[in-house]
Amino acid sequence: MDKSKRPLLKSKRSFRRRLPPIQSGDRIDYRNMSLISRFISEQGKILSRRVNRLTLKQQRLITIAIKQARILSLLPFLNNEKQFERTESTTRTAGLRSRNK
């Protein structure tokens with residue numbers, strides 16, 4: 001068929017294939033903190049499989065390793081780096097304090 005008579009075809013998008021986050025040599029273990037810390041959010045939550053781009057088996061192993069590390073106190077259950085600062089008076093208590101004076 002001649003190129004000019006060919007029906008219009010959608011061009012294929014070229015996607016850059018991302019490297020897998022876990023290499024074949026990496027061992028998923030609760031002691032491997034550099035690997036485990038990549039799969040935890042800033043708040044200390046375990047990131048989802050879709051975000052991590054892991055297989056189901058890898059995600060299960062990562063989750064177990066994170067939980068073991070938390071139990072052994074290698075990782076915190078919550079990340080308390082951002083402590084909530086209490087303001088001196090909230091709107092509810094500000095009115096009560098002024099009435100009591």
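This chain uses plain numbering: 1 for the first residue, then up along the sequence. Note that these values count all heavy atoms, side chains included, but never hydrogens, waters or copies made by symmetry.
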Can you tell me which residue pairs pass the side chain to side chain donor-acceptor pair (under 3.5 Å) test with a partner in residues 60-70, sequence neighbours excluded? none

Would you say L47 ends up clustered with L35 if hydrophobic residues are merged whenever their side chains have heavy atoms under 4.5 Å apart, either directly or through other cluster members? no

Atom CD1 of I36 and atom CZ of R31: how far apart are they, to the nearest 0.5 Å? 10.5 Å

Quick check: closest heavy atoms across R53 and P21, and the distance to 0.1 Å? O-CD, 3.5 Å

For the CD atom on Q23, are there more than 12 heavy atoms of other groups (residues, nucleotides or ligands in this structure) within a distance under 6.0 Å? yes

Quick one: does any side-chain atom of N32 pair with a main-chain N or O of R27 as donor and acceptor, under 3.5 Å? yes

Using a 4.5 Å cut-off between side-chain heavy atoms of Ile, Leu, Val, Met, Phe, Trp and Tyr, which other residues end up in the same hydrophobic cluster as L78? none

Could you work out, with side chain to side chain contact (heavy atoms under 4.5 Å, CB included) as the rule, every residue matching L72, not counting sequence neighbours? Y30, L74

Ignoring hydrogens, what is the shortest heavy-atom contact between Q58 and I28? Give both atom names and the distance. O-CD1, 4.1 Å

Nearest 0.5 angstrom please: I22 CD1 to L61 CG, how far? 8.0 Å

When clusters are formed by joining ILVMFWY residues with side-chain heavy atoms under 4.5 Å apart, either directly or through shared neighbours, do I62 and I64 land in the same one? no

Measure across R49 and Q59 and return the closest heavy-atom pair with its distance rounded to 0.1 Å. CA-OE1, 3.6 Å

Quick check on the hydrophobic clustering: are I46 and I71 connected, directly or via other members, by side-chain heavy-atom contacts under 4.5 Å? no

